[in-house]
Amino acid sequence: MSEESKVENPKAKLEKSAISPRRAEDFPEWYQQVVRLGELAENSDVRGCMVIKPWGYGLWERMQATLDAMFKATGHQNAYFPLFIPISYLEKEAAHVAGFAKECAVVTHHRLEAGPDGKLRPAPSAELAEPLVVRPTSETIIGATYAKWVQSYRDLPILINQWANVVRWELRPRLFLRTAEFLWQEGHTAHETKEEAVDETEKILGIYETFARDFLALPVFTGEKSESERFPGAVQTLCIEAMVQDRKAIQAGTSHFLGQNFSKASGIKFQSREGREEFAWTTSWGVSTRLIGTVVMMHADDDGLILPPRVAPTQVVILPITPKEDTRAAVLEAAEKLASRLRARTFHGQPLLVHVDKRDLNGGVKSWDWIKRGCPVRIELGPRDLASGTVALCRRDHGAKAKEFVPADQAVATVPELLQSIQETMYARALAFREQHTRVIDTKEEFYAFFTAQNTDKPEAHGGFSLTHWNGSAEVETRIKEDLKVTIRCIPFGAGEAGACPFSGQPSAQRVIWAKSY
RNA sequence: CGGGGUGUAGCUUAGCUUGGUAGAGCGCCUGGUUUGGGACCAGGAGGUCGCAGGUUCGAAUCCUGUCACCCCGACCA
């Protein structure tokens, strides 16, 4: 090989990674490969709709269980509302229709029949008098229901959540980040007073922030959306916003104060303590399977997923090494015994989730499989360990080949601490990354330079979050969006230091967070 | 909806310009040797070349139509 070709191919010197391309080479393609090879999900035959595989669904179930407990601890109950919404319901709130009309799936018939060409078609005689929309969100159908439930201030508050699927006919689908159908939870509450509803909106945002930080190891900014980014029909949209590894922002959860917009549209009114007829104050809030995409883009590396221990479907996988037939039974038995001992231990008050992988596969293949799936801790147990009373411990947040031999008793004793350490390391890494790529910027020139790639043909990773003053006008937002594809991700709470907007020269109440976003 | 592109085995694809009845890699199955870091050897299964029509003795290949998907734009709580 010539010197020249060595220089041309610097990758040859790097150790092989499980995911190709690497993050630095092609981030979007890397993301797709991580999701696929990590067994989270795959594209289905239905355009824009994904199949969530057991490992991915297991992750979602763990997230659900945690959030569900948090909602219930704050007085909410689950219920379930229809998948279909009469078109006339959507029309009741003008801004809401405008926001969702372009991405609705519509049901127009209720029967199929064979057409002239022998193929099934909707029966012309079975056309619905009023078309039904597959819910893109449920404010209107739930509002119509609440209108029936509420007559007196004594009927309030209503604090309900539903776990459901929704459909938004996206033109550019991407696994977990933007799919035509996705799973989520949507909370819908109705209150007697504005203050109560605002408190609720903020309380839920607090839950989302806590969940993101403590369970998903995601540092998030919290704040309010500008008017142009607001939920259609909301008075105020609060959000948690994360920065993932390509330095773009992703909205990870939203909580909306809807004022009386939807209660007026749906007729949620009640007789007050003073005997007056009043409209309820409502909120809605949600997080979706997009959180899974966020976790992937935040934490995964060039060897695949790294799942936060607190939501991993399996926290510890035991890999029996069985090179010889005569020791095989003994190794498997020891592995099961070790699993039982570990399952008797707890992590944050819950039994450890331990799996013994007995599949008849080559040891290396099996190891890499769990690396790509992001299982936090791998324990190898082989014949040599039986003799020495040890096991080999590997933690996913360290290098793929890093391995530590420790006494089995010690492993059983320390795995919970190890999981906690991984959880904390993941958060610290994510936070350091965000801080490294968040800048306070006060001039237009620096702002434009920050968000412009040096190489326009193949843009390098650039930009991040910019904390920059803003005069509050939509015109400035529009111009910057057109120039740079950069938008205001949120107006952070409490940061009230006044200054000057570098784009207009006008006064600004505070800095806001700007970034490119998903 | 505008511009461009692609449809061949489960996946990635060669072959198409110049028509002669389909080849590879990965994956899968079987047997053997292996197994403490993505194994190797041998054998095997799997494709009416998106669909419909046309030209032709003969079409994956040429022509027409159609459907689907992908990319860029527009759109996107």
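Just so you know, these numbers come straight off a predicted model, no measurement behind them. Chain naming here is simple, since letters A, B, ... match the order of the sequence lines and numbering starts at 1 in each.
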Taking only distance into account, with no hydrogens and no angle test, what donor-acceptor pairs under 3.5 Å do side-chain atoms of residues 96-109 of chain A form with protein atoms, sequence neighbours excluded?
from  : atom 1 : to     : atom 2 : distance (Å)
A:H96 : ND1    : A:P232 : O      : 3.2

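For A:W55 and A:W370, the ring centers are positioned less than 6.0 Å apart.
Within residues 380-390 of chain A, the residues that have a heavy atom under 4.0 Å from RNA chain B are, in order of number, A:E380, A:G382, A:P383, A:R384, A:D385.
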Taking only nitrogen or oxygen atoms into account, show me every contact under 3.5 Å that the protein makes with nucleotides 6-12 of chain B, one pair per line with its distance.
none

Polar pairs (N or O, both sides) under 3.5 Å between protein and nucleotides 26-32 of chain B?
none

Under-3.5 Å N/O pairs linking protein and nucleotides 72-76 of chain B:
from  : atom 1 : to     : atom 2 : distance (Å)
B:C72 : OP2    : A:R172 : NH1    : 3.4
B:C72 : OP2    : A:R172 : NH2    : 3.3
B:C76 : O2     : A:R178 : NE     : 3.2
B:C76 : O2     : A:R178 : NH1    : 3.1
B:C76 : O2     : A:R178 : NH2    : 3.4

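Looking at residues two or more places apart in sequence or on another chain, you find a salt bridge (charged side-chain N to carboxylate O under 4.0 Å, His left out) between A:R489 and A:E229, A:E241. In this structure, the side-chain contact (heavy atoms from CB on, under 4.5 Å) partners of A:L386, at least two apart in sequence or on a different chain, are A:A330, A:V331, A:A334. Judged as a salt bridge (charged side-chain N to carboxylate O under 4.0 Å, His left out), and not counting sequence neighbours, A:K264 has no contacts. A:V198 meets the side-chain contact (heavy atoms from CB on, under 4.5 Å) test with A:K194, A:E202, A:F257; sequence neighbours excluded.
Checked by atom type, the side-chain pair A:H76/A:E200 shows a donor-acceptor distance below 3.5 Å.
Going from the C1' atom of B:G7 to that of B:U13 covers 12 Å, rounded to whole Å.
Pairs of residues two or more places apart, or lying in two chains, that qualify as side-chain hydrogen bond (donor to acceptor under 3.5 Å, both in side chains) and include a residue from residues 322-331 of chain A are A:T322-A:R328. Annotation: ring pair (Phe, Tyr, Trp, His ring centres under 6.0 Å) contacts involving residues 382-404 of chain A, sequence neighbours excluded, are absent.
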Self-check item: Secondary-structure string, 5' to 3', Watson-Crick or G-U under 3.5 Å, | for another-strand partners, for RNA chain B
Solution: (((((((..((((......[..)))).((((((.....)))))).....(((((..]....))))))))))))....
